[in-house]
Amino acid sequence: DGSSVHGFLCEAVAAEGAVTSWTNVQTLRNETAQRVFLYVIQDALKALISAREAVPAQGGTYLGLLELNEQVRQLLLKDDTSLQEAQRLVPRVQRAFADYLALDGRRLYVFIDDFYYVGREVQPAILDMVHGAMRDVNAWLKIASIRHLTNWWQASPPLGLQSGQDADLIDLDVTLQDPERASRFLEGILSEYAKRVGIQGLSRIFNRAALDRLVLAAGAVPRDYMVLAVSAIGRALRREGKVTGVQDVNQAAGDAAGSKIQELEEDMAANVGVAARTLATLKSVRAFCLDEKSYTYFLVNYRDKEERATDYARLADLMDVRLVHLVDSAVSDAHEAGSRFEAYMLDLSQFSGSRLKQGINVLDFEDGHFVARQTRGTDPARRGGTSRELIAILRAAPTFPLERLAIDG
């Protein structure tokens, strides 16, 4: 989880004596690009001013920082700030930061969290201004975002941060694409929390199957994993169970999904288009998987994804609300060289109910590996213990035609 990692890094570098500032973009989601930039700079200025140590309080460098902070404050007090006003500040901020940090002798870390909340169309402009203000300064930018919702570089005209030159991309995602790693990582987090409250082993509160099911139910998302774990434990306590079992996790996942759907429906009053579209997309994908094909996982053709980008964006909306999970981003076609697919699965809550009909092909999770089986079936389960075995399982899934999302819309 990007926010958790940012928090940990912030504490770590602060403990080493660095100056840190933190801006959560979620609260700025309705601001213009220039005002988001000004808020980031204001947070950084406040951090430097409050952490002053080696710089004389009456010196020109420190007073210049105070004057700059006041100018930024006045701009933010205005109902509207022009892009030109913000851009004119960039060289002033850069020189003030460079001079101040040279005297102070410490490094500045600027953390920008949840950057994906601002629109993709303005993201390069924000990054361009922030980067310009930090260029050749003893400062580091740390920006947390979701990859497919982030546009960090615009080639023409050049704007933003160019990966590999201006910035490095660090992938913090723990996903179902590497289930064994995800399982180890998530259980490690849960185990540390358990130890802090005096529980020395997870086997005292979860059986093995329940821990596996937790990974699947959370889609390998750490925050969801922890929330579901707590909810499942609560259910086990209510039934006076000795340990938390698979059904406790299934019911916790159902409760969580119900909350997601309710939030979407409530959003329809304020954002009718997006919420209604997402619910319609879920209905279409569910009908295809459960009613027509009897599979809880499916493929999307790369070619279809490229040709129907708008419809694919609707599927991405389901990923954002974690009602669909990416399992593999590059499943090769066994019969056509060069043809590839993305493999997805419905969220566990969408197919773990008691009304699920017999003979549904599902992906389960055992000991860090995917397993394919049929509900209430007699055939032995197929284990995806190796990459080749998992690809063979995924190739058998039906291909979802993205055009259905346009028709059903």
Side-chain angles (χ1 to χ4, degrees), residues 1 3-4 173-176 179 182-199 201-267 278-279 282 285-286 289-290 296-297 318-327 344-357 360 362-371 373 375-376:
D1 178 72
S3 297
S4 300
D173 290 339
V174 179
T175 70
L176 291 176
S183 181
R184 289 197 306 268
F185 176 74
L186 294 171
E187 286 186 28
I189 294 175
L190 186 57
S191 180
E192 286 301 314
Y193 274 94
K195 288 177 182 177
R196 287 174 182 252
V197 295
I199 300 171
L202 292 181
S203 61
R204 298 186 63 182
I205 49 176
F206 287 94
N207 63 38
R208 181 65 253 171
L211 286 172
D212 287 335
R213 187 59 57 87
L214 263 179
V215 178
L216 195 69
V221 177
R223 180 166 41 195
D224 289 356
Y225 181 88
M226 296 302 297
V227 170
L228 289 171
V230 172
S231 179
I233 291 171
R235 283 188 165 276
L237 289 173
R238 286 198 293 273
R239 64 172 176 79
E240 298 182 354
K242 292 183 178 180
V243 295
T244 305
V246 167
Q247 287 306 314
D248 299 312
V249 176
N250 287 348
Q251 291 167 1
D255 292 343
S259 298
K260 293 176 189 176
I261 299 297
Q262 184 177 352
E263 288 171 5
L264 274 173
E265 290 172 340
E266 291 172 352
D267 284 346
T278 304
L279 287 170
L282 177 61
V285 173
R286 273 182 54 92
C289 289
L290 302 180
T296 63
Y297 51 105
L318 282 186
M319 286 191 283
D320 292 341
V321 294
R322 301 185 297 284
L323 291 170
V324 162
H325 306 291
L326 181 65
V327 176
Y344 296 89
M345 65 172 285
L346 283 171
D347 186 68
L348 175 70
S349 63
Q350 301 302 304
F351 62 87
S352 63
S354 58
R355 294 178 295 171
L356 191 62
K357 66 181 181 181
I360 295 284
V362 302
L363 282 182
D364 212 335
F365 197 73
E366 294 179 2
D367 298 325
H369 300 285
F370 279 113
V371 173
R373 61 178 179 82
T375 57
R376 303 180 181 89

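We're numbering straight along the sequence, starting at 1.
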Minimum heavy-atom distance between [X] and [Y], given as atom pair plus value:
X      : Y      : answer
Ile360 : Leu290 : CD1-O, 3.7 Å
Pro222 : Leu186 : CA-CD2, 3.6 Å
Arg322 : Asp347 : O-OD1, 3.4 Å
Ala217 : Val249 : CB-CG1, 4.0 Å
Ala256 : Leu228 : CB-CD2, 3.9 Å
Arg286 : Gln350 : NH1-O, 2.7 Å

| request: Check side chain to side chain contact (heavy atoms under 4.5 Å, CB included) between Arg208 and all other residues, then give those that pass, not counting sequence neighbours. | output: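 Applying side chain to side chain contact (heavy atoms under 4.5 Å, CB included) to Arg208 gives Ser183, Glu187, Leu211, Asp212, Asp367.
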| task | Output all residues satisfying side chain to side chain contact (heavy atoms under 4.5 Å, CB included) with Asn207, sequence neighbours left out; order by chain, then residue number. | result |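 With sequence neighbours excluded, Asn207 shows a side chain to side chain contact (heavy atoms under 4.5 Å, CB included) to Ala209, Ala210, Val243, given in chain and number order.
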| side-chain contact (heavy atoms from CB on, under 4.5 Å) between Val197 and Tyr193: does it pass, once the steps are laid out? | CA-CA 7 Å; Val197 295; Tyr193 274 94; over 6 Å; no
How long is the straight-line distance from [atom2] of [Y] back to [atom1] of [X], given to the nearest 0.5 Å?
X      : Y      : atom1 : atom2 : result
Leu363 : Leu348 : CG    : CG    : 11.0 Å
Asn250 : Arg213 : CG    : CZ    : 5.0 Å
Leu190 : Ile205 : CG    : CD1   : 5.5 Å
Leu214 : Met226 : CG    : CE    : 9.5 Å

| message | Whether the side chain of Thr296 engages the backbone of Leu346 through a donor-acceptor N/O pair (distance < 3.5 Å, no angle test) should be reported. | response |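 No, because the side chain of Thr296 does not come within donor-acceptor range (under 3.5 Å) of the backbone of Leu346.
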| request: Verify whether the ring centers belonging to Phe370 and Phe365 lie closer than 6.0 Å. | output: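 Yes, the ring centres sit under 6.0 Å apart.
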| request: Take Thr375 and Phe351 through the side-chain contact (heavy atoms from CB on, under 4.5 Å) test and state the conclusion after the steps. | output: CA-CA 10 Å; Thr375 57; Phe351 62 87; over 6 Å; no
| said: Would you say that Val285 contacts Tyr344 through its side chain, given a criterion of any heavy-atom pair below 4.5 Å between the two side chains? | reply: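 SC-SC contact between Val285 and Tyr344 ruled out.
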| Hey, mind stepping through Leu176 and Leu326 against side-chain contact (heavy atoms from CB on, under 4.5 Å) and telling me if it holds? | CA-CA 7 Å; Leu176 291 176; Leu326 181 65; over 6 Å; no
